[in-house]
Novice: 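Below you will find the structure I want to go over with you.
All ligand and atom numbering here is 1-based and tracks the order in the structure.
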Amino acid sequence: MSLTEKVALVTGGAQGIGRAVVQSLLQSSAKVVVVDLNKACGEQCKAQLDAEFGEGNCTFIQCDVSDGDALQDAFQSTVDQFGRLDIVINNAGIANEKNWEKTIQVNLTSVIKGTYLALEHMSKEYGKEGGTIINVSSMAAFLHSPHQPVYTATKHGVIGFTRAMADASIQDDYGVRINVLCPAFVDTPLLHSVEDEENMGKFVKYKDDFKRSMTKFGVLKPSLIAEGMMRLITDTSLNGAVMKITCSKGIHFHTYEPMSA
Ligand SMILES: NC(=O)C1=CN([C@@H]2O[C@H](COP(=O)(O)OP(=O)(O)OC[C@H]3O[C@@H](n4cnc5c(N)ncnc54)[C@H](O)[C@@H]3O)[C@@H](O)[C@H]2O)C=CC1
Ligand SMILES: CCCCC/C=C\C=C\C(=O)C/C=C\C/C=C\CCCC(=O)O
């Protein structure tokens, strides 16, 4: 499906899962704004994408998503440059149990803020044309791993918030589909954070347990996560969907009893 004339904003798009999603969006002819904290990585990413897809299709904005004003400016710059916004991927995330307040800010508060900003630029409530939002959670939301309690809490929160907003979108006719994607382990730099006391704090003693889990459950390629993401973007029947991606079952959906959490 062509996304020609569509404009996408991807947080944490400079590497890992976000980077793979940016690549897929450009392959589908969307314009893409990469919003990321890491300036060096973002500039390198943009240079590579310009070489592959031509200049003018991709922009990099350095921004810490946990700085609400900076995130607001990034959304405004996107619309100023490309004239519209259609697709928002709230993907930026960290796994830091030592600075757990920061983990809540980046993984949950910024996803909420990013969703509200996306609605300001896309919802019919604000006189806009509609669009789609995908928030990135994790299979950690379906486990209760003792090794990453705050990371797990944020990912539970992302699912609850997204499903509630998807219902709100239907009730008040925002014209915006809001879905959530939950990958199992993916081969990105984030996985290496389990090695580091600065990230894990007292939970660093479990690093070998993490590695055993990765061996047991397998590690996915970022390209498969991008494939799932493109399905959420292009399948207009999906709203409030919770997509899971695992090695054993591939891309599939979590099902809930009516009215259940
Ligand atoms: N890698 C994995 O095994 C899994 C990752 N996820 C989730 O996928 C998302 C992406 O993760 P990965 O690509 O694996 O991580 P990654 O560490 O490879 O990439 C994350 C990107 O986000 C950026 N970022 C971090 N903090 C930021 C901030 N405050 N403001 C703006 N940008 C920021 C980083 O600079 C980086 O470019 C995260 O939400 C993560 O929790 C979910 C399930 C599994
Ligand atoms: C605080 C440090 C945490 C380190 C986190 C690093 C990576 C994060 C990975 C995830 O988000 C995925 C976490 C858990 C799910 C993994 C596998 C479940 C597979 C289930 C299945 O295959 O059925």
Novice: Considering heavy atoms of the protein only, find what lies nearest to atom 21 (C) of ligand 2 and give residue, atom and distance to 0.1 Å.
Specialist: Phe217 CD2, 3.7 Å
Novice: side-chain hydrogen bond (donor to acceptor under 3.5 Å, both in side chains) between Asn57 and Lys31: does it pass, once the steps are laid out?
Specialist: CA-CA 5 Å; Asn57 295 306; Lys31 308 284 186 203; 2.8 Å; yes
Novice: Nearest non-hydrogen contact with atom 2 (C) of ligand 2 belongs to which option: Met200, Met214, His192?
Specialist: Met200
Novice: Under the side-chain hydrogen bond (donor to acceptor under 3.5 Å, both in side chains) criterion, do Glu52 and Gln23 qualify, and how do the steps go?
Specialist: CA-CA 10 Å; Glu52 187 172 350; Gln23 186 93 12; 3.0 Å; yes
Novice: Please list the nearest protein heavy atom to atom 15 (O) of ligand 1 with its residue and the distance rounded to 0.1 Å.
Specialist: Leu190 CB, 3.5 Å
Novice: Using the rule given for side-chain hydrogen bond (donor to acceptor under 3.5 Å, both in side chains), can you reason through Thr59 versus Lys46, listing the C-alpha separation, both sets of side-chain angles and the distance that settles it, and then say yes or no?
Specialist: CA-CA 7 Å; Thr59 297; Lys46 177 180 157 39; 5.6 Å; no
Novice: Go through ligand 1 atom by atom and flag the ones less than 4.0 Å from a non-hydrogen atom of Phe185.
Specialist: 3 (O)
Novice: Pick from Phe161, Tyr174, Phe75: which one makes a ring-ring contact (aromatic ring centres under 6.0 Å, His included) with Tyr116?
Specialist: Phe161
Novice: Tell me the nearest of Gly12, Ser193, Cys41, Ser137 to atom 21 (C) of ligand 1, using heavy-atom distances.
Specialist: Gly12
Novice: Purely on distance, is any nitrogen or oxygen of Leu191 under 3.5 Å from one on ligand 1?
Specialist: no
Novice: In the protein, which heavy atom is nearest to atom 14 (C) of ligand 2, and how far is it?
Specialist: Ala140 N, 3.8 Å
Novice: If you round to the nearest 0.5 Å, how far is CG of Asn91 from CZ of Arg19?
Specialist: 13.0 Å
Novice: Once you restrict to heavy atoms under 4.0 Å, what part of Met139 touches ligand 1? Side chain, backbone, both or neither.
Specialist: neither
Novice: Give the residue, atom name and distance (to 0.1 Å) of the protein heavy atom nearest atom 7 (C) of ligand 2.
Specialist: Leu191 CD2, 3.6 Å
Novice: What closest approach, in Å, do Met200 and Glu97 show between heavy atoms, and which atom pair accounts for it?
Specialist: O-CB, 3.7 Å
Novice: Residue-level breakdown please: for Thr11 versus ligand 1, do any non-hydrogen atoms fall below 4.0 Å on the side chain, on the backbone, on both, or on neither?
Specialist: neither
Novice: Please check: side-chain N/O of Asn107 versus main-chain N/O of Gly93, any donor-acceptor pairing under 3.5 Å?
Specialist: no
Novice: Against the six-membered ring of Phe217, is Arg212 placed for a cation-pi contact (under 6.0 Å from the centre, within 45° of the normal)?
Specialist: no
Novice: Could you tell me whether the side chain of Asp172 and the main chain of Ser169 form a donor-acceptor pair under 3.5 Å?
Specialist: no
Novice: Could you tell me the residue and atom name of the protein heavy atom closest to atom 35 (O) of ligand 1, and the distance to it rounded to 0.1 Å?
Specialist: Asp36 OD1, 2.6 Å
Novice: Which atoms of ligand 1 are found less than 4.0 Å from any heavy atom of Ile94?
Specialist: 25 (C), 26 (N)
Novice: Of the protein's non-hydrogen atoms, which lies at the shortest distance from atom 5 (C) of ligand 2, and what is that distance?
Specialist: Gln148 OE1, 3.4 Å
Novice: Output the list of atoms in ligand 1 that are nearer than 4.0 Å to some heavy atom of Gly16, sorted by atom number.
Specialist: 13 (O), 18 (O)
Novice: Taking atom types as modelled, find out whether Gln76 and Asp80 have a side-chain donor-acceptor pair closer than 3.5 angstrom.
Specialist: yes
Novice: May I ask you to decide if Leu85's main-chain N or O and His121's side chain share a donor-acceptor pair within less than 3.5 Å?
Specialist: no
Novice: Give yes or no for whether the N/O distance cutoff of 3.5 Å, strictly under, is met between Ser66 and ligand 1.
Specialist: no
Novice: Can you list the steps and then say if Thr162 with Asn135 is a side-chain hydrogen bond (donor to acceptor under 3.5 Å, both in side chains)?
Specialist: CA-CA 7 Å; Thr162 305; Asn135 294 329; 3.0 Å; yes
Novice: Can you tell me the protein heavy atom closest to atom 44 (C) of ligand 1 and the distance?
Specialist: Ala184 O, 3.1 Å
Novice: Which atoms of ligand 1 are found less than 4.0 Å from any heavy atom of Asp64?
Specialist: 28 (C), 29 (N), 30 (N)
Novice: Evaluate salt bridge (charged side-chain N to carboxylate O under 4.0 Å, His left out) for Lys207 paired with Asp209, printing each intermediate quantity in order.
Specialist: CA-CA 5 Å; Lys207 68 181 177 190; Asp209 291 352; over 6 Å; no
Novice: Which ligand 2 atoms, with their elements, are less than 4.0 angstrom from a heavy-atom of Ala95?
Specialist: 1 (C), 2 (C), 3 (C), 4 (C), 5 (C)
Novice: How far is atom 9 (C) of ligand 2 from its nearest protein heavy atom, and which residue and atom is that?
Specialist: Phe185 CD2, 3.9 Å
Novice: List the closest protein heavy-atom neighbour of atom 15 (C) of ligand 2: residue, atom name, distance to the nearest 0.1 Å.
Specialist: Met139 CB, 3.6 Å
Novice: Output yes when the distance from some N or O of ligand 2 to some N or O of Tyr151 is under 3.5 Å, and no in every other case.
Specialist: yes
Novice: Ligand 1 versus Val106, non-hydrogen atoms closer than 4.0 Å: side chain, backbone, both, neither?
Specialist: side chain
Novice: Less than 4.0 Å is my threshold; does some heavy atom of Arg19 fall inside it relative to ligand 1?
Specialist: no
Novice: Who's the nearest protein heavy-atom neighbour of atom 13 (O) of ligand 1, and how far?
Specialist: Ile17 N, 2.8 Å
Novice: Can you pull out the closest protein heavy atom to atom 1 (C) of ligand 2? Residue, atom name and distance to 0.1 Å, please.
Specialist: Glu97 CG, 3.1 Å
Novice: Main chain of Ala141, side chain of Ser138: is a donor-acceptor contact present, judged purely on distance under 3.5 Å?
Specialist: no
Novice: Nearest 0.5 Å, what's the CD1-CE distance between Ile134 and Met230?
Specialist: 9.0 Å
Novice: What I want to find out is whether Arg231 reaches Glu227 closely enough, with some N-O distance under 4.0 Å, to be called a salt bridge.
Specialist: no
Novice: Hey, which atoms in ligand 2 end up nearer than 4.0 Å to a heavy atom of Val194?
Specialist: 4 (C)
Novice: Starting from atom 10 (C) of ligand 2, what is the nearest protein heavy atom, named by residue and atom, and what distance separates them?
Specialist: Ser138 OG, 3.4 Å
Novice: Calculate, to the nearest 0.5 Å, the distance between atoms CD and CD1 belonging to Gln81 and Ile61 respectively.
Specialist: 7.5 Å
Novice: Measure the distance from atom 12 (P) of ligand 1 to every protein heavy atom, then report the residue, atom name and distance (to 0.1 Å) of the closest one.
Specialist: Thr188 OG1, 3.5 Å
Novice: Among protein heavy atoms, which lies nearest atom 17 (O) of ligand 1, and at what distance?
Specialist: Gln15 NE2, 3.3 Å
Novice: Is it the side chain, the backbone, both or neither of Cys63 that has a heavy atom closer than 4.0 Å to ligand 1?
Specialist: backbone
Novice: Which atoms of ligand 2 have any heavy atom of Thr246 under 4.0 Å away?
Specialist: 21 (C), 22 (O)
Novice: Please write down residue, atom name and distance for the protein heavy atom closest to atom 7 (C) of ligand 1.
Specialist: Val136 CG1, 3.7 Å
Novice: Backbone or side chain, does any N or O of Val186 fall under 3.5 Å from an N or O of ligand 1?
Specialist: yes
Novice: What verdict does the ring-ring contact (aromatic ring centres under 6.0 Å, His included) test give for Phe142 and His254, after you've listed the backbone C-alpha separation in whole Å, the side-chain angles of each residue and the deciding distance to 0.1 Å?
Specialist: CA-CA 10 Å; Phe142 294 95; His254 190 76; 4.5 Å; yes
Novice: Would Asp173 and Lys124 pass as an ion pair if we require N to O under 4.0 Å?
Specialist: yes
Novice: Which residue supplies the protein heavy atom nearest to atom 43 (C) of ligand 1, what is that atom called, and how far is it?
Specialist: Pro183 O, 3.2 Å
Novice: Given that the side chain starts at C-beta and the backbone is N, CA, C, O, which of these parts of Asn107 lies under 4.0 Å from ligand 1, counting heavy atoms, or is it both or neither?
Specialist: neither
